[in-house]
Amino acid sequence: MDPRNTNDIAADLAKVRARIETAERAAGRRAGEVMLLAVAKGQPVEAALAAAQAGQHAFGENYLQDAAMRMAALPRAEWHFIGRIQSNKTRAIAERFAWVHTVDRASVAERFAAQRPAGMAPLMVCVQVNVDGDPAKAGIRPDDAHGLVSALRRLPNLTVRGLMTIPRESGDADAAYRGLRALFDALRADGHPLDTLSMGMSSDLETAVRHGATIVRIGTALFGGR
Ligand SMILES: *Cc1c(COP(=O)(O)O)cnc(C)c1O
């Protein structure tokens with residue numbers, strides 16, 4: 001793969017930030033309310049460094065092994081795990097990441113609670129919801145969200161922050177994000193103190209911000225194709 005010119009990455013970061021701000025204003029939201037998570041999977045270390053030098057603080061990673069070089073190069077960045085969670089990888093995730101967006105079963109959350117090192121801040125957790133019933137993706141059914149959120153909130157060393165979804169690739173992102181927002185509102189109405197909706201990618205961040213996204217996860221628009 002050709003590493004991209006670092007100037008391109010700084011320019012693309014500015015473009016994505018502008019897209020987010022335009023979407024925030026269009027939705028009547030405060031500018032700066034939505035957090036940009038830069039998804040650097042498969043990218044050379046230089047790409048992540050260029051984004052960090054241009055002021056990017058939070059990075060998302062799908063695979064531990066692929067993430068290792070970038071994480072070593074940027075020890076002060078905030079790292080978010082957004083990939084499928086294998087049980088035998090929970091310790092490494094608990095030791096290295098600030099956030100996990102893809103919790104889809106109590107068993108992995110129990111492992112995170114037991115394995116989060118003493119002295120680290122609680123692990124910030126989102127529950128992944130398969131809102132559009134896509135068999136190709138992980139995530140719980142919306143009907144199971146109340147039960148799982150209640151169970152996770154009883155665990156030590158982690159803080160349940162909210163919900164995350166990935167819409168079907170050629171599906172209806174508008175319906176998916178509207179659905180996740182409705183579930184989020186229902187959980188909050190039930191007394192769960194959630195504040196995070198992790199939804200929106202390069203092609204549909206405007207739709208996600210309109211429906212209340214608080215974190216958008218952006219790869220291609222920042223780093224080019226993979
Ligand atoms: C790769 C990935 C993204 C970024 O997708 P782009 O379309 O490249 O912006 C976001 N979320 C998850 C879970 C991903 O795996």
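All values reported here derive from a predicted model rather than from experimental measurement. In what follows, residues are counted from 1 in the order of the sequence shown. Counting starts at 1 for both ligands and their atoms, in listed order.
- For Met69, the CE atom is loosely surrounded, since the number of other residues' heavy atoms within 6.0 Å does not exceed 12.
- Between the side chains of Arg111 and Ser87, not a single donor N or O lies within less than 3.5 Å of an accepting N or O.
- Every atom of ligand 1 with a heavy atom of Asn62 under 4.0 Å away is listed here by number and element: 14 (C), 15 (O).
- Ranked by closest heavy atom to atom 6 (P) of ligand 1, the top entry among Gly42, Ser203, Ser202 is Ser202.
- Here Arg25 pairs with Glu21, Ala31 under the side-chain contact (heavy atoms from CB on, under 4.5 Å) rule; sequence neighbours left out.
- Within the structure, side-chain hydrogen bond (donor to acceptor under 3.5 Å, both in side chains) contacts touching residues 112-122 (residues at least two apart or in different chains) are Thr90-Gln115.
- By the 3.5 Å distance cut-off applied to N or O atoms, Met201 is not counted among the residues near ligand 1.
- Residue-ligand proximity, Ile218 to ligand 1, at heavy-atom distances under 4.0 Å covers atoms 9 (O).
- With salt bridges taken as basic N to acidic carboxylate O contacts below 4.0 Å, one links Asp12 and Lys15.
- Every atom of ligand 1 is numbered from 1 in the order shown, and the set under 4.0 Å from a heavy atom of Arg217 is 4 (C), 9 (O), 10 (C), 11 (N), 12 (C), 13 (C).
- Under the 4.0 Å criterion applied to side-chain N and carboxylate O atoms, Arg168 and Asp172 are not assigned as salt-bridge partners.
- Looking at ligand 1, you'll find an N or O of Thr220 within less than 3.5 Å of one of its N or O atoms.
- Under a 4.0 Å criterion applied to the non-hydrogen atoms of Ile166, ligand 1 contributes the atoms 13 (C).
- The side chain of Lys41, and not its backbone, has at least one atom closer than 4.0 Å to an atom of ligand 1 (non-hydrogen atoms only; side chain from C-beta on).
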